[in-house]
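Chain identifiers are assigned alphabetically (A, B, ...) following the order of the sequence lines, protein sequences preceding nucleic acid strands; residue numbering begins at 1 within each chain. These numbers come from a predicted model, not from an experiment.
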There are 2 protein chains.
Amino acid sequence: MAPKALDYESLNENVKKTQYAVRGELYLRASELQKEGKKIIFTNVGNPHALGQKPLSFPRQVVALCQAPFLLDDPNVGLLFPADAIARAKHYLAMTSGGLGAYSDSRGIPGIRKEVAEFIGRRDGYPSDPELIFLTDGASKGVMQMLNTIIRGPGDGVLVPVPQYPLYSAAITLFGGTLVPYYLEETANWGLDVHDLRRSVAQARANGTTVRAMVIINPGNPTGQCLSASNLKEILTFCYQENLVLLGDEVYQQNIYQDERPFISSRKVLMDMGLPISKEVQLISFHTVSKGYWGECGQRGGYFEMTNIPPESVDEIYKVASISLSPNVPAQIFMGLMVNPPKPGDISYDQFVRESKGILESLRRRARLMTDGFNSCRNVICNFTEAYWEMKDQKRVFHLRTTILPAEEDMPAIMDSFKKFNDDFMAQYEDYGGYSRM
Amino acid sequence: MAPKALDYESLNENVKKTQYAVRGELYLRASELQKEGKKIIFTNVGNPHALGQKPLSFPRQVVALCQAPFLLDDPNVGLLFPADAIARAKHYLAMTSGGLGAYSDSRGIPGIRKEVAEFIGRRDGYPSDPELIFLTDGASKGVMQMLNTIIRGPGDGVLVPVPQYPLYSAAITLFGGTLVPYYLEETANWGLDVHDLRRSVAQARANGTTVRAMVIINPGNPTGQCLSASNLKEILTFCYQENLVLLGDEVYQQNIYQDERPFISSRKVLMDMGLPISKEVQLISFHTVSKGYWGECGQRGGYFEMTNIPPESVDEIYKVASISLSPNVPAQIFMGLMVNPPKPGDISYDQFVRESKGILESLRRRARLMTDGFNSCRNVICNFTEAYWEMKDQKRVFHLRTTILPAEEDMPAIMDSFKKFNDDFMAQYEDYGGYSRM
């Protein structure tokens with residue numbers, strides 16, 4: 001009998017070709033060992049709550065009240081919830097059309113998109129239009145939708161940094177496009193060399209690929225750098241000259257561990273550059289509730305903002321978003337809370353600041369513990385991260401990628417165990433060449 | 001200058017060709033009128049909470065506690081939450097790896113998939129394997145993933161009922177496949193005539209299309225019928241003979257408004273048929289928390305169950321699910337609660353039954369009010385719905401599709417206003433031919 005449609009040999013080839021290392025072989029093997037009773041500390045994916053990070057109290061109080069709106073009529077509600085959480089729950093419930101159980105507009109709740117626009121305006125110093133902001137089930141879903149909109153077939157290429165976050169390679173393969181790699185410069189703080197970019201594009205064109213878009217991950221994942229304003233300017237000029245859409249993955253904008261190099265959004269730099277470029281370069285910027293001191297990965301909340309995208313294309317993007325009806329509503333409220341947190345004078349302000357600072361400072365200490373731990377290992381070099389994480393295997397030198405998320409008190413033991421493994425391994429194999437950078 | 005990648009003319013053609021009527025022109029025009037101050041009652045999409053349906057208390061209490069787990073340590077928690085909701089919140093939190101803020105396994109939380117398997121086992125009388133159940137962000141996301149896995153290119157066809165739910169036509173176009181229509185028999189209670197199916201397949205083949213899958217919506221959307229066991233048997237035999245994957249959209253299985261024709265799952269009928277068919281036909285069944293008396297659309301929770309799918313294909317489906325990391329965790333808990341509601345003897349049992357029966361009985365009355373209302377209109381015929389909704393335009397006779405979800409107390413006024421519009425319209429235009437079926 002002929003193979004069936006869901007037999008392996010007859011699946012969509014793009015599905016089969018897709019690789020997704022974050023949950024690939026190593027992850028599956030570790031899961032098996034965990035089932036057998038081995039203690040496994042997962043550092044393959046940024047999942048801070050899974051490693052003990054506590055959620056921020058205020059947003060959880062607000063969303064709990066939105067889930068159980070009947071509590072708002074209970075005379076005892078004030079015993080369990082502060083007055084500003086109660087007020088904020090009412091504020092968001094009034095924006096929905098029937099609470100958390102009703103589909104919202106497929107772009108997300110208008111009132112929350114307005115709060116996101118105000119946040120962007122404050123951050124960048126340029127107003128943002130809520131009609132060009134779409135809420136999504138996590139940033140990944142937004143990235144996938146945009147890539148699916150851009151990629152028409154195998155002749156379409158997307159520039160992706162190496163090392164990268166594997167969402168990009170996976171989604172480009174799944175949608176049948178071509179990944180065009182460009183290399184980040186480890187010796188230049190993982191910055192981008194525009195000459196190198198030009199070379200990548202020229203080579204792709206020589207192979208018949210139409211390069212249509214460029215991904216940057218800023219702050220870097222896994223490389224941890226914040227791109228400078230001048231580097232971003234070069235990149236935007238390059239996109240202008242080469243007629244590329246820029247996809248700016250900015251999900252780590254809260255995870256900044258050094259003060260010298262702040263996060264600057266691509267949109268701000270684009271606006272700063274003025275005409276004609278500020279009105280020409282097509283830019284999609286992504287953000288999430290999963291990272292930073294929020295770490296609300298499991299809620300699946302995110303947004304993308306569109307700059308210089310013509311209205312008829314925005315309509316098409318809206319239409320496709322409509323097919324899955326609406327992003328989940330609870331996470332939309334988390335996004336509202338993230339861009340509009342408690343303010344000085346609010347009852348919950350002090351607690352909110354204490355909790356968020358505590359998380360960020362602990363992450364900074366853990367980045368330091370890990371850097372020092374790796375640098376104490378035989379044949380290992382590790383640069384301090386400016387922002388999120390870390391590095392991966394590249395030519396000659398071996399790279400290793402890890403999150404810095406294990407609990408702070410576990411960190412010394414983890415680094416000791418890595419050092420022991422590494423140093424034994426090196427003692428046995430270093431003659432075969434190679435050393436590691438972290 | 002050449003068009004940019006996100007200019008309309010250079011978008012992915014499949015994106016542009018995709019049609020999604022539920023939120024198409026009529027919806028956009030209605031939204032405009034609403035903005036201008038007109039009262040609009042949206043009956044284009046099943047969004048019951050938006051039309052005043054209250055959420056069930058128990059699941060909302062449980063999920064609220066899971067969102068705010070610190071309440072579980074508060075001595076006052078018992079003043080706002082019943083003991084069984086508290087116990088159930090602990091039950092689900094213990095299944096997560098870090099609460100609602102942590103990504104789960106990309107297939108969903110194992111403990112909840114086990115509860116879903118137990119529900120299916122009780123419903124069908126055949127055990128179900130949790131490893132073959134994947135939780136999703138609403139049923140739509142699961143349907144889209146499966147279609148993307150099956151469709152390899154424009155030569156691949158998927159049988160879709162007419163009238164259908166527009167998710168199917170939209171997703172098939174988006175993924176570059178070919179929709180092969182088959183017509184439901186209005187005169188046979190919207191059942192399927194297998195001769196008709198054969199004709200559709202033969203015609204598609206003559207056009208060079210490889211038909212690989214068949215969608216059934218049971219209970220029907222928008223047609224409202226429950227397929228009989230014998231009709232399902234014919235369909236499964238047809239899929240066996242024609243080597244088709246069956247995609248069984250069973251999201252309306254709770255919305256049954258007559259007792260004579262109960263819902264029977266495709267999987268139960270397949271198992272009842274015995275060997276060889278029960279081990280041969282590839283079947284994917286979909287369910288959701290958005291419909292029935294739950295109506296938790298905004299939470300975006302669903303699952304699909306795979307029957308007779310080889311392990312290496314399941315692995316591929318798992319890999320693609322991993323790219324967007326995990327379905328949202330709060331909705332996974334709603335799914336757990338839906339398949340495992342309060343039991344007799346539980347503190348919340350009586351309230352839960354009262355609330356869910358109240359919703360279902362009101363829906364039944366509204367179906368009756370709407371049927372009678374339409375039948376009182378000039379030149380209009382409306383069959384009573386067995387399950388969910390309604391009908392759409394087809395050859396000669398005009399069809400109209402509507403939900404039965406407006407608040408019960410608004411129903412008489414809505415039907416009066418429709419009757420007035422219809423009868424005036426008919427008085428003016430009936431000579432031009434045609435009458436309506438609802």
Q: Among B:Ser290, B:Ala331, B:Ala64, single out the residue with the greatest number of heavy-atom pairs under 4.5 Å to chain A.
A: B:Ala64
Q: Measure across A:Pro69 and B:Arg60 and return the closest heavy-atom pair with its distance rounded to 0.1 Å.
A: CD-NH1, 3.9 Å
Q: What I'd like to find out is whether the side chain of A:His49 reaches to under 4.5 Å of the side chain of B:Tyr103, using heavy atoms alone.
A: no
Q: Looking only at heavy atoms, which two atoms of A:Ile151 and B:Asn12 are closest? And how far apart?
A: O-ND2, 3.2 Å
Q: Do you know which of B:Ser57, B:Pro55, B:Pro311, B:Gly301 has the most heavy-atom pairs under 4.5 Å to chain A?
A: B:Ser57
Q: Hey, which of A:Gly153, A:Gly98, A:Gly298 has the most heavy atom pairs under 4.5 Å with chain B?
A: A:Gly298
Q: Can you find a heavy atom in the side chain of A:Ile323 that is under 4.5 Å from one in the side chain of B:Leu167?
A: yes
Q: Does the side chain of A:Ser140 come within less than 4.5 Å of B:Leu325's, by heavy atoms?
A: yes
Q: Between A:Met306 and chain B, which part of the residue has a heavy atom less than 4.5 Å away: side chain, backbone, both or neither?
A: neither
Q: With a 4.5 Å heavy-atom cut-off, do A:Pro310 and B:Lys4 have their side chains touching?
A: no
Q: Would you mind checking which part of A:Leu79 comes under 4.5 Å of any heavy atom in chain B, side chain (CB onward), backbone (N, CA, C, O), both or neither?
A: both
Q: With sequence neighbours left out, which residue pairs that include part of residues 63-80 of chain B fulfil the side-chain hydrogen bond (donor to acceptor under 3.5 Å, both in side chains) condition?
A: A:Gln299-B:Gln67
Q: Answer yes or no: are there more than 12 heavy-atom neighbours, outside A:Gln19 itself, under 6.0 Å from its atom CD?
A: no
Q: Between A:Val329, A:Ile150, A:Leu100, A:Val245, who has the most heavy-atom pairs with chain B when the cutoff is under 4.5 Å?
A: A:Leu100
Q: Does any heavy atom of chain B fall under 4.5 Å from the side chain of A:Asn308, the backbone, both, or neither of them?
A: neither
Q: Does any part of the side chain of B:Arg300, heavy atoms only, come nearer than 4.5 Å to the side chain of A:Ser326, both counted from C-beta?
A: yes
Q: Between B:Met144, B:Glu296, B:Gln53, B:Lys319, who has the most heavy-atom pairs with chain A when the cutoff is under 4.5 Å?
A: B:Lys319
Q: Of all of A:Gly101, A:Ser10, A:Gly52, which one pairs up most often with chain B through heavy atoms under 4.5 Å apart?
A: A:Gly101
Q: Quick one: of A:Leu51, A:Leu71, A:Val314, who has the most non-hydrogen atom pairs under 4.5 Å with chain B?
A: A:Leu71
Q: Sort out for me which of A:Cys297, A:Gly138, A:Ala50 touches chain B most, counting heavy-atom pairs under 4.5 Å.
A: A:Cys297
Q: Give, for atom OG of B:Ser97 and atom CZ of A:Phe42, the distance between the pair rounded to the nearest 0.5 Å.
A: 9.0 Å
Q: Would you check if A:Leu6 and B:Ile284 make a side-chain contact, meaning some heavy-atom pair closer than 4.5 Å?
A: yes
Q: Answer with side chain, backbone, both or neither: which region of B:Asp315 has an atom nearer than 4.5 Å to a non-hydrogen atom of chain A?
A: neither
Q: How long is the straight-line distance from CG of A:Leu65 back to CG of B:Leu80, given to the nearest 0.5 Å?
A: 9.0 Å
Q: Is B:Ser313 close to chain A through its backbone or its side chain, or both, or neither, when contacts mean heavy atoms under 4.5 Å?
A: both
Q: Roughly how far, to the nearest 0.5 Å, is the CG atom of B:Asn148 from the CG atom of A:Asn14?
A: 8.0 Å
Q: For A:Lys54 and B:Phe70, run side-chain contact (heavy atoms from CB on, under 4.5 Å): C-alpha distance rounded to whole Å, both residues' side-chain angles, the deciding distance at 0.1 Å, then the answer.
A: CA-CA 10 Å; A:Lys54 291 274 165 297; B:Phe70 39 81; over 6 Å; no
Q: Contact part of B:Gln61 toward chain A, heavy-atom cut-off under 4.5 Å: side chain, backbone, both or neither?
A: both
Q: Got a second to check how far A:Glu312's CD is from B:Asp7's CG, nearest 0.5 Å?
A: 7.5 Å
Q: Contact between A:Glu316 and B:Lys16 at the side-chain level, heavy atoms closer than 4.5 Å - yes or no?
A: yes
Q: Chain B heavy atoms under 4.5 Å from A:Ala213: which part of the residue, side chain, backbone, both or neither?
A: neither
Q: Need one label for A:Pro327: side chain, backbone, both or neither, based on atoms under 4.5 Å from any heavy atom in chain B.
A: backbone
Q: Between atom OH of B:Tyr318 and atom CG of A:Leu28, what is the distance when rounded to the nearest 0.5 Å?
A: 6.0 Å
